[in-house]
There are 2 protein chains.
Amino acid sequence: MPNTLSDNAIARLSVYRRVLTEMHRDSRTSVRSDDLAAAAGVTASQVRRDLMLVRALGTNKGYDTADLLGAIEKLMDPPEPQEVALVGVGNIGTAVLSYFAGRRPMLDITVAFDNDPAVIGRTLHGCPCLPVTDLAEVVAGRNIRAAIIAVPADAAQKVAEALVSAGVRGIMNFAPVRLRAPRSVYVENVDLTGSLEKAAFFARQRSQKEQGQTGYAY
Amino acid sequence: MPNTLSDNAIARLSVYRRVLTEMHRDSRTSVRSDDLAAAAGVTASQVRRDLMLVRALGTNKGYDTADLLGAIEKLMDPPEPQEVALVGVGNIGTAVLSYFAGRRPMLDITVAFDNDPAVIGRTLHGCPCLPVTDLAEVVAGRNIRAAIIAVPADAAQKVAEALVSAGVRGIMNFAPVRLRAPRSVYVENVDLTGSLEKAAFFARQRSQKEQGQTGYAY
DNA sequence: GCTATACTGTGAACGTCTTCACACTGTGCT
DNA sequence: AGCACAGTGTGAAGACGTTCACAGTATAGC
Ligand SMILES: NC(=O)c1ccc[n+]([C@@H]2O[C@H](COP(=O)([O-])OP(=O)(O)OC[C@H]3O[C@@H](n4cnc5c(N)ncnc54)[C@H](O)[C@@H]3O)[C@@H](O)[C@H]2O)c1
Ligand SMILES: NC(=O)c1ccc[n+]([C@@H]2O[C@H](COP(=O)([O-])OP(=O)(O)OC[C@H]3O[C@@H](n4cnc5c(N)ncnc54)[C@H](O)[C@@H]3O)[C@@H](O)[C@H]2O)c1
């Protein structure tokens, strides 16, 4: 099967979309592959290759900003607003909630769950926090297909299982565990520890290289 | 140059490390590549391939948990404690601070910067919040090489430049912009919007597939 | 001591993603 | 109208990361 959208492609398209949205807001009407490339931090070839996926056509003057944006949105956005559930309204959960609130009309965190009585019943940024015991019913009842897990590591697997059996097929997971889930469920692990470690590791590596220290191979 | 540690390899090693730490705490003394693989969500081949990078040797009974952990730490951890600076003590910044506080003795967020008088002067989780105007002096003075950017998008580029000229060579960036930085600086972009979009996108894709809907190619 | 067994270490095959290079197409200019 | 140019679309090449498959090696059992 050709033209299957890879993981990375989706991530890049998401970036192009953001860049294009800004350009469009600035009333810029046309954009070339190398402009997009520079703004997105990839090569121009990569941009053109990715744009083949969205079946967007350009001219010798570049692409029409609005058209391109439309094509990407048509591919990436759901045809109708998609609800997302959040489980775990702690530090990260709250941050995510505040950030996404009202930002993407087509992708909205409309319900949150927690097991802490202090949070349950409150409404944060327009999103009600329900007891986690209601999860199965609410998620299944509203046909929610995507969810965010932001509970402590030792609760994550159980939550994931509950979500999956309630019908969720895409999970963004902040907990530092590899969730066991059927192949039919997409799990996007957000490994902040790993990210920070990478930054720290390569920071050391680069500063060594800079000082001309002939160290190990890496 | 062979044996150069890729991005992905570092991320996986970070996961192995976490798994091994748990096993070690549980007094487990040996581990096989397929155990690690299952826990880390990768293949056994992948694990063995990665372990070649850390020059860890196993036997026909697997690897010695403590040895392996030591080998990975020797590779990944700095020889002496490494300081990390945080810029932007908002929602995300606070969450990150609370999470990493005291968790990794070898990788510690020891200073934070903000431009909001309400935050400046406070100490969160043992980390003092200084005015961002002190950034250059403090970061350069303490030889800090890694930093986290958690300021709004429109402030991120300026902050990045300040960090880089103060000597930072590795940045974990939460702001939704592609930072322009010299090649000698490693930038790890944490794109939460992209991650959520991926989860939502594939959630739709999977649930369609499940229902046997012969839709588009993707 | 010898064989059967279990796992690692790794060259090679494989597949995927990225980059290259250039044919092609439309535009602007004279 | 015709030519020069600029930028796309894409086949092919290349680089990279992953998986395969099996030789090598140590242990356990008899
Ligand atoms: N904060 C960070 O920067 C950070 C970094 C890396 C990883 N993480 C991971 O993200 C997750 C959340 O982190 P956090 O800092 O927000 O933690 P937190 O403790 O602030 O929040 C966890 C929330 O989950 C709720 N909860 C606990 N058990 C639950 C259950 N069974 N069902 C529903 N809700 C439950 C708690 O009441 C709390 O509100 C953790 O797994 C953590 O390891 C966080
Ligand atoms: N919260 C999320 O879930 C989320 C998701 C995706 C992206 N982000 C990005 O992460 C960044 C931070 O998000 P947030 O939700 O924590 O925002 P926030 O507004 O809560 O925090 C931003 C902090 O940066 C400080 N700040 C502003 N300008 C500054 C400057 N020039 N120097 C130093 N400090 C400055 C502010 O005082 C504030 O404390 C933003 O760029 C945001 O787009 C956040």
Side-chain angles (χ1 to χ4, degrees), chain A residues 1-16 20 23 28-69 71-72 75 178 183 194 198 202 217-218, chain B residues 1-16 20 23 28-69 71-72 75 178 183 194 198 202 217-218:
Chain A
M1 189 194 316
N3 275 4
T4 183
L5 281 180
S6 81
D7 217 58
N8 288 356
I10 293 282
R12 282 192 303 267
L13 285 171
S14 166
V15 174
Y16 302 153
L20 287 166
M23 288 177 171
R28 180 165 174 178
T29 57
S30 104
V31 60
R32 295 191 322 246
S33 59
D34 54 340
D35 295 329
L36 256 183
V42 299
T43 66
S45 288
Q46 183 74 78
V47 169
R48 293 202 300 275
R49 183 63 65 184
D50 287 337
L51 294 189
M52 289 177 66
L53 297 171
V54 308
R55 291 157 169 65
L57 290 192
T59 70
N60 65 334
K61 279 294 161 197
Y63 303 84
D64 180 274
T65 311
D67 284 359
L68 193 45
L69 188 53
I72 292 179
L75 179 66
R178 237 54 179 187
R183 199 155 326 197
K198 275 203 263 184
F202 288 115
Y218 41 109
Chain B
M1 190 192 317
N3 274 6
T4 182
L5 281 181
S6 82
D7 219 57
N8 288 358
I10 293 283
R12 283 192 302 269
L13 285 171
S14 167
V15 174
Y16 303 153
L20 287 167
M23 289 176 170
R28 179 164 173 177
T29 57
S30 105
V31 60
R32 295 189 324 244
S33 59
D34 55 341
D35 295 330
L36 255 182
V42 299
T43 66
S45 287
Q46 182 76 77
V47 169
R48 294 202 299 276
R49 183 63 66 182
D50 288 336
L51 293 188
M52 288 177 67
L53 296 171
V54 308
R55 292 158 168 66
L57 290 192
T59 73
N60 66 333
K61 278 295 160 199
Y63 303 84
D64 179 275
T65 310
D67 285 359
L68 192 45
L69 188 53
I72 292 179
L75 180 65
R178 236 55 178 187
R183 198 156 326 195
K198 275 203 265 185
F202 288 114
Y218 40 109

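Lettering of chains follows the sequences in order, A, B, ..., and the numbering in each one begins at 1.
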Heavy-atom pair of closest approach, residues [X] and [Y]:
| X | Y | result |
| --- | --- | --- |
| B:Tyr63 | B:Leu68 | CB-CD2, 3.7 Å |
| A:Ala40 | A:Tyr16 | CB-CE2, 3.7 Å |
| A:Ala9 | A:Leu53 | CB-CD1, 3.9 Å |
| B:Asp64 | B:Asp67 | OD1-N, 2.9 Å |
| B:Leu13 | B:Leu75 | CD1-CD2, 3.9 Å |

- Query: Does the base of C:dG26 carry an N or O that pairs as donor and acceptor with the side chain of A:Asn60 under 3.5 Å?
  - Reply: yes
Is there a side-chain polar atom (N or O) of [X] under 4.0 Å from OP1 or OP2 of [N]?
| X | N | value |
| --- | --- | --- |
| A:Gln46 | C:dT19 | yes |
| B:Ser33 | C:dT8 | yes |
| B:Arg48 | C:dG9 | no |
| A:Thr43 | C:dT19 | yes |
| B:Tyr63 | D:dA26 | no |
| A:Arg12 | C:dT18 | yes |

Base, sugar-phosphate or nothing for [X]? Non-hydrogen atoms, less than 4.0 Å.
| X | answer |
| --- | --- |
| B:Ala37 | nothing |
| A:Thr59 | sugar-phosphate |
| B:Leu51 | nothing |

Spacing of [X] atom [atom1] relative to [N] atom [atom2], expressed in whole Å:
| X | N | atom1 | atom2 | answer |
| --- | --- | --- | --- | --- |
| A:Asp50 | C:dT18 | CG | P | 7 Å |
| B:Asp7 | D:dC16 | CG | P | 13 Å |
| A:Met52 | C:dT19 | CE | C1' | 14 Å |
| B:Ile10 | D:dG17 | CD1 | P | 12 Å |
| B:Asp34 | D:dA21 | CG | C1' | 16 Å |
| B:Asp64 | D:dT27 | CG | C1' | 16 Å |
| A:Leu53 | C:dC17 | CG | P | 10 Å |
| A:Arg55 | D:dT10 | CZ | P | 11 Å |

Sub-4.5 Å side-chain heavy-atom contact between A:Val42 and A:Arg49: no
Regarding the side chain of B:Arg49, the nearest nucleotide among D:dC20, D:dT8, C:dT18 is D:dC20
Report the nucleotide, chosen from D:dC20, C:dT8, C:dG9, that has the shortest atom-to-atom distance to any side-chain atom of B:Ser45.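 Within the option list, the nearest is D:dC20.
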Looking only at side-chain N and O atoms, does A:Arg48 offer a donor or acceptor that is under 3.5 Å from a partner on A:Ser33?
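A donor-acceptor contact under 3.5 Å links the two side chains.
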Legend entry - Helix axis bend for the helix from C:dG1-D:dC30 to C:dT30-D:dA1 - C1'-based end axes, five pairs, 10° rounding: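 That helix gives 10° between its end axes.
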For this session: Could you grab the distance from atom CG of B:Asp50 to atom CZ of B:Arg12, nearest 0.5 Å is fine?
Result: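 Result: 4.0 Å between the selected atoms.
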